[in-house]
Protein chains: 2
Amino acid sequence: MNNTKILIVDDEAKIRNVIKIYLEKEGFSTEEACDGEEALKKFNVSKPSLIILDVMMPKIDGWTVLRKIREESSVPIIMLSARGEEYDKLFGFELGVDDYITKPFSPKEMIARIKAVIRRSSCFENVSTDVLKAGALSLMPKSRQVFLDNEEINLTPKEYELLCFLVKNQNTVFSREQLLNNVWGYNFLGDARTVDTHIKQLREKLRKHKKYIQTVWGTGYKFKVEK
Amino acid sequence: MNNTKILIVDDEAKIRNVIKIYLEKEGFSTEEACDGEEALKKFNVSKPSLIILDVMMPKIDGWTVLRKIREESSVPIIMLSARGEEYDKLFGFELGVDDYITKPFSPKEMIARIKAVIRRSSCFENVSTDVLKAGALSLMPKSRQVFLDNEEINLTPKEYELLCFLVKNQNTVFSREQLLNNVWGYNFLGDARTVDTHIKQLREKLRKHKKYIQTVWGTGYKFKVEK
DNA sequence: CAGATTCATCACAAAATCATCACAAAATAG
DNA sequence: CTATTTTGTGATGATTTTGTGATGAATCTG
């Protein structure tokens with residue numbers, strides 16, 4: 001359900017495991033790295049949404065990893081360190097660190113801090129377009145509002161995301177599988193005909209403009225104005 | 001293009017410098033001061049549009065500088081401090097602070113918050129409303145009073161701030177996380193569902209107008225009059 | 001310091017949404 | 001025209017999200 005992937009970097013397997021257990025209990029998915037080198041490699045491959053990075057590690061230390069990652073990404077990073085360790089640096093100013101956690105830490109605090117960092121960073125993401133128009137439809141991603149003939153209509157989250165995707169890519173046909181991949185996500189395991197039901201719901205809410213969503217027989221659906 | 005001048009006050013040159021670099025990259029012009037005395041002097045001379053003020057400084061500390069500046073100006077001020085430092089004061093009510101940032105912080109976060117403060121303050125200049133109306137509701141920010149159908153209702157501080165925020169941004173949906181960021185502050189560590197409880201309380205106090213606060217299922221809440 | 005108020009969190013109830021199924025309707029192939 | 005495949009749609013139970021009362025901690029007040 002929660003799609004947030006977190007990369008845990010620590011040389012001690014035991015610590016990694018404890019963190020992993022608590023994060024997964026909260027619905028995060030995790031990835032592990034036991035040193036700086038592996039961390040950089042895994043970071044590039046799996047593109048995590050957040051990184052928990054131990055300061056003290058053999059070979060490449062946490063600060064170096066931090067700087068390398070910062071050269072190319074502003075992914076949220078939480079530094080992990082033993083209490084007392086490099087105290088000045090911890091509470092001084094280190095570029096690009098989003099928060100610190102000192103060992104030992106309570107799971108509750110760790111989760112709270114992770115959630116706070118995610119909350120903050122997601123807030124700074126730019127919203128792409130101000131308004132998406134198509135025929136009598138106007139989608140306003142910023143406020144998550146949808147207007148049909150200048151009247152607001154209520155859509156459920158899935159309906160909204162599906163409509164958004166179709167409008168953004170109007171005039172293009174998508175198979176049910178493509179829609180599942182793009183709207184539901186790649187890890188959705190289920191019946192492709194689920195799409196049909198949501199298309200039905202959308203058409204119902206588009207009322208007299210229901211023909212905006214067209215069936216391409218044997219292939220899938222597309223969004224298209226007029227005709 | 002951007003004419004906004006920002007005064008950076010911190011005793012550590014390294015910190016000043018990092019902040020300076022990021023601000024100038026964003027098109028702000030900057031001025032520096034390394035202690036409270038110099039800060040006051042430079043403030044009077046160069047009339048900055050915003051001040052970033054470190055709490056811990058030798059000679060005159062940040063709070064004192066804040067008070068002195070507030071005697072003659074309402075320029076936006078963002079306080080800077082290490083986490084844990086003067087914890088109570090940070091979370092207490094300190095007059096005239098527009099925002100505070102705890103170290104460590106990411107540059108992205110800093111920029112975002114500076115822009116938010118500027119946006120807010122310029123907003124007040126233009127609007128400077130004595131009364132905020134929405135349907136049967138009237139909020140009077142100056143006296144912190146709220147009237148519903150011309151009858152005063154009592155709100156707790158949190159309820160008031162939440163309602164204020166929602167009314168100011170009516171017709172826009174906010175997720176629980178956004179509400180936490182904007183009403184509770186970036187430093188709040190806690191359950192997002194706390195928002196629900198306050199929404200409930202507000203609805204109760206809005207009585208027959210409870211539908212002003214609408215649930216957008218799967219997303220969050222919005223304030224909207226009528227319908 | 002006692003009593004009241006406010007606040008955050010929890011647990012459970014209520015509501016909305018979602019995925020799936022079964023069958024009807026429509027389109028296509030032969 | 002008939003059989004077959006594909007799509008439309010209503011119903012249903014499971015899942016997810018939200019509503020809400022209770023509770024104890026923290027804070028304010030007098």
Side-chain angles (χ1 to χ4, degrees), chain A residues 1-3 25-27 106-109 111-113 115-116 119 144 146 153-163 173-181 183-185 187-207 210-222, chain B residues 87-94 144 146 153-163 173-177 179-180 183-185 187-207 210-222:
Chain A
M1 157 229 122
N2 195 331
N3 246 346
K25 202 154 73 182
E26 286 292 317
S106 71
K108 206 173 157 192
E109 185 194 345
I111 297 293
R113 289 196 178 280
K115 285 186 177 171
R119 199 181 76 219
R144 224 216 72 137
V146 181
I153 57 175
N154 277 323
L155 300 183
T156 70
K158 270 282 173 311
E159 287 161 10
Y160 176 80
E161 285 169 52
L162 179 57
L163 181 61
V173 188
F174 294 96
S175 68
R176 292 172 178 73
E177 285 72 21
Q178 287 176 308
L179 291 173
L180 284 180
N181 281 337
V183 178
W184 275 254
N187 40 24
F188 177 80
L189 301 171
D191 191 342
R193 303 254 0 244
T194 293
V195 174
D196 298 39
T197 302
H198 286 270
I199 292 284
K200 183 196 61 170
Q201 303 284 29
L202 268 180
R203 282 175 171 156
E204 209 170 300
K205 293 192 180 179
L206 290 180
R207 302 157 66 95
K210 65 162 61 177
K211 57 175 63 159
Y212 282 175
I213 298 179
Q214 298 171 15
T215 302
V216 180
W217 216 87
T219 310
Y221 300 96
K222 76 173 166 188
Chain B
Y87 199 80
D88 47 325
K89 224 172 192 174
L90 285 184
F91 288 91
F93 195 109
E94 183 66 25
R144 233 212 61 137
V146 181
I153 56 176
N154 275 323
L155 300 182
T156 70
K158 269 279 173 312
E159 286 161 11
Y160 175 79
E161 284 171 52
L162 179 57
L163 182 61
V173 186
F174 294 96
S175 67
R176 292 171 177 72
E177 286 71 23
L179 292 173
L180 286 180
V183 177
W184 276 254
N187 300 302
F188 177 80
L189 299 172
D191 191 343
R193 299 244 13 233
T194 293
V195 173
D196 297 38
T197 302
H198 287 269
I199 292 284
K200 183 195 62 170
Q201 303 285 27
L202 270 180
R203 281 176 171 156
E204 210 169 299
K205 294 190 179 178
L206 290 179
R207 301 156 66 94
K210 65 160 64 177
K211 56 175 62 157
Y212 282 177
I213 298 179
Q214 296 173 13
T215 302
V216 180
W217 217 87
T219 308
Y221 299 98
K222 75 174 165 189

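Note on naming: letters A, B, ... go to the chains in the order of the sequence lines (proteins, then strands), and numbering restarts at 1 for each one.
Across all non-hydrogen atoms, the minimal contact from P157(A) to G218(B) is CG-CA, 3.8 Å. Contact detail for R203(B) and K210(B): the closest heavy-atom pair is O-CB, 3.4 Å. In terms of heavy-atom proximity, Q214(A) sits nearest to K211(A) at CG-O, 3.3 Å.
Distance, L180(B) CG to dC7(C) P: 14 Å, rounded to whole Å. R203(B) has its CZ atom 7 Å from the P atom of dT20(D), to the nearest Å. Taking atom CZ of R176(A) as the reference point, atom C1' of dT5(D) lies 12 Å away to the nearest angstrom. The nearest whole Å value for the distance from the NZ atom in K108(A) to the P atom in dA8(C) is 13 Å. As a whole-Å value, the separation of L202(B) CG from dC7(C) C1' is 14 Å. Per the geometry, CD belonging to E204(A) stands 10 Å off C1' belonging to dG10(D), to the nearest Å. For the pair E177(A) CD and dT7(D) P, the computed distance is 10 Å after rounding to whole Å. For the pair K200(B) NZ and dT23(D) C1', the interatomic distance rounds to 12 Å; values are reported in whole Å.
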With 3.5 Å as the limit, what N/O pairs link the protein to nucleotides 24-30 of chain D?
none

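For the side-chain contact (heavy atoms from CB on, under 4.5 Å) test with Y221(A), the passing option among V195(A), V216(A), L202(A), L162(A) is V195(A); the others fail.
A distance of 4.5 Å separates CZ of F188(B) from OG1 of T194(B), quoted to the nearest 0.5 Å. A distance of 14.5 Å separates NZ in K115(A) from CZ in R113(A), rounded to the nearest 0.5 Å.
Using a cut-off of 4.0 Å between Lys/Arg side-chain N and Asp/Glu carboxylate O, D196(B) and R176(B) are scored as salt-bridged.
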| said: What does the B/S/- profile of nucleotides 13-24 of chain C look like, 5' to 3', with a 4.0 Å heavy-atom cutoff to protein? | reply: ---BSSSBS---
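A close approach under 4.0 Å does occur between a side-chain nitrogen or oxygen of Y221(B) and OP1 or OP2 of dG19(D).
The closest side-chain donor-acceptor pair between S175(B) and R144(A), if any, does not fall under 3.5 angstrom.
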| side chain to side chain contact (heavy atoms under 4.5 Å, CB included) assessment of T156(B) paired with K205(B) | CA-CA 11 Å; T156(B) 70; K205(B) 294 190 179 178; 4.2 Å; yes
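DNA chain D is contacted by both T219(A) and G220(B); T219(A) maps to the nucleotide lying nearer its 5′ end (nearest heavy atom per residue).
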